[in-house]
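Since the structure comes first, as structure tokens, the remarks are kept for the end.
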Amino acid sequence: MDVQDIVNTVSQKAGLDQATTEKVVGTIFSVLEHEAEGTSASSFFAKIPGADALAQKYDVMAAAPAGGGGGFLSSLQGALGGVLGEKAGALVNGLAALKASGLDIAQIQKAGATLVQQAEAAAGPDLTNQVLGSVPGLKSHLGLG
């Protein structure tokens, strides 16, 4: 199972269009890539072909596009990221990106739960839980914890 299979399944089960689903999956994978530590994260990404590339396409720590507004929320994210370090910054940025995609909490949770099921099928439940467990807060925001 590659990342496109996961996007297709999440899109179907969560009732989202392909572009929105790709952004959601890429954003969650990016948060995991930045926050999950050690060999479990690299093993996880190695088992899902294309996941790493999708995470980089939707990199939550990339600079905002020039002239892209930003405003108060982006200032707050920058301040929180600076105070809490990259780990918390990636989660804050990822959650902000998910909310900015126009989805409500229920849709984000449905997409997140489906993504985790698909990741478990691709990478195995033990490895998937190990990677998710290393990102405190993500599971609760996805309605999993």
Side-chain angles (χ1 to χ4, degrees), residues 1-66 68-70 73-74 76-78 80-145:
M1 175 183 313
D2 67 12
V3 77
Q4 190 58 53
D5 296 327
I6 291 175
V7 169
N8 293 342
T9 302
V10 172
S11 173
Q12 179 185 4
K13 290 192 174 181
L16 305 174
D17 65 63
Q18 282 288 120
T20 302
T21 305
E22 183 180 287
K23 180 176 184 174
V24 169
V25 171
T27 299
I28 293 171
F29 279 158
S30 177
V31 170
L32 290 174
E33 187 175 63
H34 282 285
E35 296 202 13
E37 295 184 357
T39 55
S40 62
S42 47
S43 299
F44 176 79
F45 281 102
K47 290 183 181 287
I48 306 172
D52 193 42
L54 192 62
Q56 290 171 10
K57 180 176 178 181
Y58 293 99
D59 187 354
V60 296
M61 296 305 283
L73 183 61
S74 125
L76 182 63
Q77 288 171 298
L80 282 173
V83 171
L84 302 172
E86 180 180 331
K87 290 176 69 70
L91 181 58
V92 168
N93 290 353
L95 294 171
L98 291 175
K99 289 177 181 158
S101 66
L103 302 178
D104 63 30
I105 297 299
Q107 289 171 307
I108 292 170
Q109 290 179 344
K110 177 74 173 160
T114 305
L115 169 58
V116 170
Q117 291 168 349
Q118 294 302 300
E120 287 176 345
D126 292 342
L127 182 57
T128 301
N129 286 323
Q130 189 177 353
V131 171
L132 281 172
S134 68
V135 186
L138 182 61
K139 285 176 86 167
S140 64
H141 286 290
L142 295 178
L144 305 170

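Below, all heavy atoms of this structure are taken into account, side chains as well, without hydrogens, waters or symmetry copies.
Between the side chain of Gln109 and the main chain of Ala106, no donor-acceptor pair closer than 3.5 Å is present. Side-chain atoms of Ser30 never come within 3.5 Å of backbone atoms of Gln56 as a donor-acceptor pair (strictly under, hydrogens ignored). At distances below 3.5 Å, at least one donor-acceptor pair connects side-chain atoms of Thr9 with backbone N or O atoms of Asp5. A donor-acceptor pair under 3.5 Å links the side-chain atoms of Asn93 to the main chain of Val60, judged by distance alone.
Between atom NZ of residue Lys57 and atom OG1 of residue Thr27 there is a gap of 11.0 Å, rounded to the nearest 0.5 Å. Note that CD of Glu22 is 5.0 Å distant from CG of Leu54, once rounded to the nearest 0.5 Å. One finds the CG atom of Leu142 at 7.5 Å from the CG atom of Leu132 (value rounded to the nearest 0.5 Å). Remark: Lys99 NZ to Asp104 CG distance equals 11.5 Å, nearest 0.5 Å.
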*Does the pair Gln12 and Thr21 meet the rule for a side chain to side chain contact (heavy atoms under 4.5 Å, CB included), with working shown?*
CA-CA 9 Å; Gln12 179 185 4; Thr21 305; over 6 Å; no

*Would you please test Gln130 and Phe44 for side chain to side chain contact (heavy atoms under 4.5 Å, CB included) and show each step?*
CA-CA 9 Å; Gln130 189 177 353; Phe44 176 79; over 6 Å; no

_CA sep, side-chain torsions, deciding dist, call: Gln118, Val7, side chain to side chain contact (heavy atoms under 4.5 Å, CB included)_ = CA-CA 9 Å; Gln118 294 302 300; Val7 169; over 6 Å; no

_Checking Lys110 against Val10 for the side chain to side chain contact (heavy atoms under 4.5 Å, CB included) test, could you report, in this order, the C-alpha distance in whole Å, the side-chain angles of both residues, the deciding distance, and whether it holds?_
CA-CA 8 Å; Lys110 177 74 173 160; Val10 172; over 6 Å; no

